[in-house]
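A, B, ... follow the sequence lines: proteins, then strands. Residue 1 opens every chain. All heavy atoms count here, side chains included; hydrogens, waters and symmetry mates do not.
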Protein chains: 2
Amino acid sequence: MAREPGSGPARRASDRGRYGRLNRERVLAAALDLVDREGLSALSMRRLGAELGVEAMALYRYAPGKDALLDGLVEALYLELEAHLAPAQDSAAESDWRAELHRIALATYRVCLGHPRVVPLLATRMLAVPLAQRPPAVLRDHERVLTLLTEAGLDEARTSAAFRAYTAWLLGYVSVELRPLVDNPDETDPAFRLGLHRMSAQELPTLRSTAPALVEPGGPEGLAAGLDALLDRFA
Amino acid sequence: MAREPGSGPARRASDRGRYGRLNRERVLAAALDLVDREGLSALSMRRLGAELGVEAMALYRYAPGKDALLDGLVEALYLELEAHLAPAQDSAAESDWRAELHRIALATYRVCLGHPRVVPLLATRMLAVPLAQRPPAVLRDHERVLTLLTEAGLDEARTSAAFRAYTAWLLGYVSVELRPLVDNPDETDPAFRLGLHRMSAQELPTLRSTAPALVEPGGPEGLAAGLDALLDRFA
DNA sequence: CCTGGGATGTTTACGTCGTATACGTACATA
DNA sequence: TATGTACGTATACGACGTAAACATCCCAGG
């Protein structure tokens, strides 16, 4: 094969990657895109390297390891959330804290809807990290929510309880709601989507009869309704 | 090394495992125990085999693969739930549907509390499976909850909405509540548990000041309160 | 212009993982 | 006692995460 004199590698550094040099933002964007397209199991260091036209080890300059890369996916999600949140920021000052909380929750829901296969990472990686070590974008989100609650007049204990309820509901809702999107979007017949055949009608009669209704998504309205109910209780 | 004539393997079949032959229940119990002790990342086919005094490939007679093994962990959790649920079954007939729903949710919470490192599997594996293919014990749990809701007089749509709210809340609550138990139980000072140092007090003032309250667990009361609020709304 | 040093990506290698395949062995049934 | 089948082993392969050493590029200071 023809190569430069001096027996260097076949590719010049200026040709590296598909568009010049690597950086953390490009790495995370490529990882997010790969996971969106092919799922979490497709994300490996070698594969992501190939996606960027680079060897696997090159990625270690921008993430200390695979776990950090997964945390980076969560970070990317929250950065996208902030981008969606920013435009209405000035008008937000006028609306009350409750409406603003709804706005944030809905925006989070929408971002997750755009990246359903990343959602499991919220439960597995984000919550696994000890709060202060979470990505800055995540901490800023926490700060926004907590500020709204305290400015609403809640004391420390109630703020904490309301924050936990907010987080649990939002996380649980997107988890149960967005999963079906990943499963098998091809099959249109809800009966087969659920695999209702072979489910014994005598042992599980109620499940079998309500199953078609269960696949119907709750949508943003369901999220808002539950959030309202919880805020009534905890705030 | 001394072995039987005929150049067979060194160990006789009657010595296999630590207590005789393998079966699915023993495999799942050993897997659950291993995960409880050392976490999900310690669960590999070879390691679990070693734990049972057996080669890795032997496990494939009782679970088609690693994924099925993880699903089996979820199954084991729900079997334990049923065991905790059974004793009060007759007295349950007298109590109203709402109290019974609380009883089930609380029992689920307690089971998860006993196996916190398995909880992430509920979000990643259980929800990923298309309902009808979930383990029988899981389906029976769904059936119990759905039956309570329909017997309470809810129509199909409201039952479905209430079921989704129940599932999302329970799953989200145990996810956010039981994770800190895994992190670093050694450090007693809540400030250091959170790693509050190095968290900029000027950029995240509210988070920093309410962080100590955030580590305080919500406990079963928080679960019950939120469930009540949601049932008020959805049922 | 030259030159040296830090930043960036590559190469090679090791141990572990999930699992396909082929094989031996023990036990139940006849 | 013979035999088929359920059970566990042996061996092997490719993919994975990543440590260590190396090659190359780019740019500041002479």
Checklist entry - Quick one: B:Leu48 CG to D:dG8 P, roughly how many Å, whole number? => result 13 Å

Checklist entry - Could you give the CG-to-P distance, from B:Leu59 to D:dG8, as a whole number of Å? => result 9 Å

Checklist outcome for this item: A:Arg46 has its side chain closest, among C:dG9, D:dT18, D:dG8, to D:dT18

Checklist entry - From the list D:dG8, C:dT12, C:dG18, which nucleotide is the closest neighbour of the side chain of A:Met57? => result C:dT12

Item to check | Whichever of A:Ser44 and A:Arg61 has its nearest DNA chain D nucleotide further upstream toward 5' | outcome: A:Ser44

Next on the checklist: Rounded to whole Å, please give me the gap between CG in A:Leu34 and P in D:dC16.
Outcome noted: 11 Å

Checklist entry - In whole Å, what is the span from the CZ atom of B:Arg24 to the P atom of D:dC7? => result 14 Å

Checklist outcome for this item: Rounded to whole Å, CG of A:Leu43 lies from C1' of D:dA15 at a distance of 14 Å

Checklist outcome for this item: A:Met45 has its side chain closest, among D:dT18, C:dG9, D:dG8, to D:dT18

Next on the checklist: In this structure, how many angstroms lie between the C1' atom of C:dG9 and the CZ atom of A:Arg26, rounded?
Outcome noted: 13 Å

Checklist entry - Any donor-acceptor pair under 3.5 Å linking the side chain of A:Arg140 with the backbone of B:Glu203? => result no

Next on the checklist: Nearest whole Å is fine: how far is D:dT9 P from B:Glu55 CD?
Outcome noted: 5 Å

Checklist entry - With under 30° as parallel and over 60° as perpendicular, where do the rings of A:Tyr173 and A:Tyr109 fit, or are they tilted in between? => result tilted

Item to check | Pairing of B:Glu216 and A:Arg164 as salt bridge, 4.0 angstrom limit | outcome: no

Checklist entry - Are the side chains of A:Leu79 and A:Glu75 in touch, meaning some heavy atoms are under 4.5 Å apart? => result yes

Item to check | Side chain of A:Tyr62 - closest among C:dG9, D:dT18, C:dG18 | outcome: C:dG9

Item to check | Residue pairs, two or more places apart or on separate chains, that pass ring-ring contact (aromatic ring centres under 6.0 Å, His included) and touch residues 51-83 of chain A | outcome: none

Item to check | Distance, rounded to the nearest Å, where A:Lys66 contributes NZ and D:dC16 contributes P | outcome: 8 Å

Checklist entry - More 5' along DNA chain C: A:Ala56 or B:Gly65, using each one's nearest nucleotide? => result A:Ala56

